[in-house]
> 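Take a look at the following structure, please.
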Amino acid sequence: MSIVVVTGMGPRTGTSFVMQQAMKARLPAKGTQFPIYTVPKHNPDGYWEMINLTVNEMDNHVVKLWTPDLVKIDHARISHVIVLERKDKLAQVHSMYKVFKDECKQWPELAKYFTPTDVLYHHNNILNLWLSQRDQQTIMRVHTEDLNESIESIIRFMERGLQCQ
């Protein structure tokens with residue numbers, strides 16, 4: 001059993017792009033193209049979020065997971081993790097607020113529960129702790145700004161992760 005996880009140091013880091021590229025490379029990837037809470041115009045080719053999949057359904061697939069779901073999965077089931085992070089944190093926060101504004105038009109109650117800055121802070125803290133407990137050789141960290149140059153090596157890394165049994 002092997003699950004390859006695509007995640008990011010918060011939203012707007014290129015995780016959807018990596019999932020789209022995995023699918024183009026014909027890797028076994030699973031996810032929901034447009035979950036109900038998303039605004040398609042911000043990712044017209046899809047978000048590919050993991051929605052309502054069991055751990056068994058994720059086996060031998062590439063999936064995109066955020067920390068609330070990621071921390072629930074036994075480390076032994078995850079073979080490789082691709083972590084995306086933006087160098088330009090200010091641009092990331094601006095992008096998050098732009099999307100959040102549109103999401104709140106769709107779901108006004110969102111604004112009652114959190115801000116994008118809260119999400120980024122909590123997500124990064126939890127993800128960094130989770131990553132510190134993993135074998136670092138099974139983690140590939142990539143800056144969002146370098147995705148175009150790195151996508152081939154990301155795909156090869158995913159392929160190796162799927163071959164782990």
Side-chain angles (χ1 to χ4, degrees), residues 3-25 27-59 61-75 77-78 80-131 133-134 139-148 151 154 158:
I3 300 170
V4 174
V5 172
V6 175
T7 192
M9 287 294 181
R12 312 307 295 165
T13 55
T15 55
S16 298
F17 173 77
V18 170
M19 289 298 292
Q20 293 159 14
Q21 295 305 306
M23 290 175 185
K24 283 182 183 176
L27 295 179
K30 281 190 175 182
T32 301
Q33 186 175 15
F34 295 109
I36 192 167
Y37 55 84
T38 62
V39 179
K41 77 176 184 179
H42 293 289
N43 259 340
D45 294 326
Y47 288 83
W48 303 106
E49 305 277 339
M50 189 287 305
I51 304 293
N52 297 325
L53 288 178
T54 67
V55 175
N56 288 338
E57 291 173 307
M58 292 182 222
D59 278 339
H61 284 84
V62 176
V63 295
K64 177 176 156 181
L65 294 173
W66 297 105
T67 54
D69 294 312
L70 183 59
V71 299
K72 295 175 189 172
I73 298 174
D74 177 11
H75 280 259
R77 308 250 347 221
I78 298 171
H80 285 58
V81 182
I82 296 88
V83 182
L84 300 165
E85 181 173 12
R86 278 179 104 157
K87 294 176 192 175
D88 188 344
K89 301 290 188 225
L90 187 57
Q92 180 179 2
V93 170
H94 284 301
S95 181
M96 288 173 66
Y97 270 95
K98 181 178 166 186
V99 172
F100 186 68
K101 183 177 141 189
D102 287 343
E103 289 171 343
C104 285
K105 288 177 189 171
Q106 219 171 281
W107 305 96
E109 63 276 8
L110 283 179
K112 296 177 191 175
Y113 300 110
F114 57 85
T115 68
T117 307
D118 295 334
V119 170
L120 187 60
Y121 176 77
H122 292 292
H123 181 80
N124 283 341
N125 287 339
I126 294 167
L127 185 56
N128 279 321
L129 177 62
W130 186 88
L131 290 167
Q133 299 167 1
R134 288 204 49 89
I139 300 169
M140 179 181 208
R141 293 175 180 262
V142 180
H143 285 113
T144 306
E145 293 85 351
D146 301 331
L147 270 177
N148 287 329
I151 198 62
I154 293 169
M158 286 190 232

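Atom set for the values below is all heavy atoms of this structure, side chains included, hydrogens, waters and symmetry mates excluded. Fair warning: this is a prediction, and the values are worked out from it, not measured in the lab.
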> Counting neighbours of CG on Asp118 that are heavy atoms of other residues, nucleotides or ligands and sit closer than 6.0 Å, is the number greater than 12?
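Result for CG/Asp118: enclosed.
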> Decide yes or no for Thr115 and Tyr121: does some side-chain heavy atom of the first lie under 4.5 Å from some side-chain heavy atom of the second?
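No - every pair of side-chain heavy atoms lies 4.5 Å or more apart.
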> Distance-only, no hydrogens or angles: does the Asp88 side chain make a donor-acceptor pair with backbone N or O of Leu90 under 3.5 Å?
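Checked: pair present.
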> Measuring from Arg141:CZ to Asp146:CG, what's the distance to the nearest 0.5 Å?
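Reported to 0.5 Å precision, the distance equals 14.5 Å.
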> Thr7 and side chain to side chain contact (heavy atoms under 4.5 Å, CB included): which single residue from Leu65, Val83, Ile82, Leu84 fits?
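With Thr7 as partner, Leu65, Val83, Ile82, Leu84 yield a single side chain to side chain contact (heavy atoms under 4.5 Å, CB included), made by Val83.
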> Side chain to side chain contact (heavy atoms under 4.5 Å, CB included) with Val5: which of Thr15, Leu70, Asp69, Ile139?
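One option only clears the test, and that one is Leu70.
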> Applying side chain to side chain contact (heavy atoms under 4.5 Å, CB included), run through Gln33 and Asp45 and close with a yes or a no.
CA-CA 8 Å; Gln33 186 175 15; Asp45 294 326; 5.7 Å; no
> Can you tell me how far apart NE2 (His80) and CZ (Arg134) are? Round to the nearest 0.5 Å.
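Output value for this atom pair is 9.0 Å.
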> What is the minimum heavy-atom distance between Gly10 and Asn124, and which atoms define it?
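Looking at all heavy atoms of both residues, the closest pair is N-OD1, 3.8 Å.
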> Spell out, as yes or no, whether a donor-acceptor pair under 3.5 Å connects the side chain of Gln106 to the backbone of Ile36.
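Present.
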> Does the side chain of Met140 reach to within under 4.5 Å of the side chain of Val81, using non-hydrogen atoms?
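Side chain of Met140 against side chain of Val81, heavy atoms only: no contact under 4.5 Å found.
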> Provide the closest heavy-atom pair for Thr32 versus Pro35 in the form atom of the first, atom of the second, distance.
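So the two residues come closest at O-CD, 3.5 Å.
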> Return the minimal non-hydrogen interatomic distance between Ala29 and Met23, and the atom names on each side.
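Nearest heavy atoms, Ala29 then Met23: CB-CG, 3.9 Å.
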> Could you measure the distance from the CG atom of Asn148 to the CD atom of Gln21? Nearest 0.5 Å is fine.
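Here the interatomic distance stands at 8.5 Å.
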> Distance check, rounded to the nearest 0.5 Å: Thr117 atom OG1 versus Lys89 atom NZ?
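One gets 13.0 Å once the value is rounded to the nearest 0.5 Å.
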> Donor-acceptor check, side chain of His42 to backbone of Pro40, threshold 3.5 angstrom: yes or no?
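Absent.
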> Donor-acceptor pair, Gln92 side chain versus Pro11 backbone, under 3.5 Å?
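Indeed, once roles are kept as given, a pair shorter than 3.5 Å links the two residues.
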> Would you check, one step at a time, whether the test side chain to side chain contact (heavy atoms under 4.5 Å, CB included) holds for Arg77 with Val55?
CA-CA 8 Å; Arg77 308 250 347 221; Val55 175; 3.3 Å; yes
> Between Ile154 and Leu147, does a side chain to side chain contact (heavy atoms under 4.5 Å, CB included) hold up when you go through it step by step?
CA-CA 9 Å; Ile154 293 169; Leu147 270 177; 3.7 Å; yes
> Under a 4.0 Å threshold between the charged nitrogen and the carboxylate oxygen, would Glu49 count as salt-bridged to Lys64?
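Glu49 and Lys64: salt-bridged.
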> Give me the ring orientation class for His75 and Trp130: parallel if the planes are under 30° apart, tilted from 30 to 60°, perpendicular past 60°.
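Parallel.
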> Would the distance check show the side chain of Glu145 and the main-chain N or O of Lys87 forming a donor-acceptor pair, the cut-off being under 3.5 Å?
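Yes: the side chain of Glu145 pairs with the backbone of Lys87.
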> Rounded to the nearest 0.5 Å, how far apart are CD of Glu103 and OH of Tyr97?
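Those atoms lie 12.5 Å apart.
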> Around Phe34, counting heavy atoms of other residues, nucleotides and ligands shown, do more than 12 lie under 6.0 Å from its CZ?
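Counting other residues, nucleotides and ligands, CZ of Phe34 exceeds 12 neighbours.
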> Hey, does Ile78 have a side-chain heavy atom less than 4.5 Å from the side chain of Ile73?
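Yes. Closest side-chain heavy atoms under 4.5 Å.
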> Find out whether Thr38 and Asn43 are in side-chain contact, i.e. whether some heavy atom of one side chain is under 4.5 Å from a heavy atom of the other.
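No; the side chains remain at least 4.5 Å from each other.
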> Please report whether the ring centroid of Phe114 lies less than 6.0 Å from that of Phe100.
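Centroid separation for Phe100 and Phe114: below 6.0 Å.
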> Looking only at heavy atoms, what is the nearest atom pair of Asn128 and Met9, with distance?
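Shortest heavy-atom separation between Asn128 and Met9 comes out as OD1-CE, 2.9 Å.
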> I would like to know whether Val62 and Trp48 meet side chain to side chain contact (heavy atoms under 4.5 Å, CB included); could you show each step before the answer?
CA-CA 10 Å; Val62 176; Trp48 303 106; over 6 Å; no
> If every non-hydrogen atom of His123 is compared with every non-hydrogen atom of Gly8, which pair is closest and at what distance?
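Looks like NE2-O, 2.5 Å.
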> Just checking, is any N or O donor in the side chain of Arg86 or Thr144 under 3.5 Å from an acceptor N or O on the other one?
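Their side chains do not contain a donor-acceptor pair, so the 3.5 Å distance test is not met.
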> Find the distance between OH (Tyr47) and OG (Ser16) and round it off to the nearest 0.5 Å.
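Rounded to the nearest 0.5 Å, the OH-OG separation comes out at 7.0 Å.
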> Taking 4.0 angstrom as the limit, do Lys105 and Asp102 come out as a salt bridge?
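Yes.
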> Quick one, Val119 and Pro116 - any side-chain contact, counting heavy atoms below 4.5 Å?
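Answer no - side chains too far apart.
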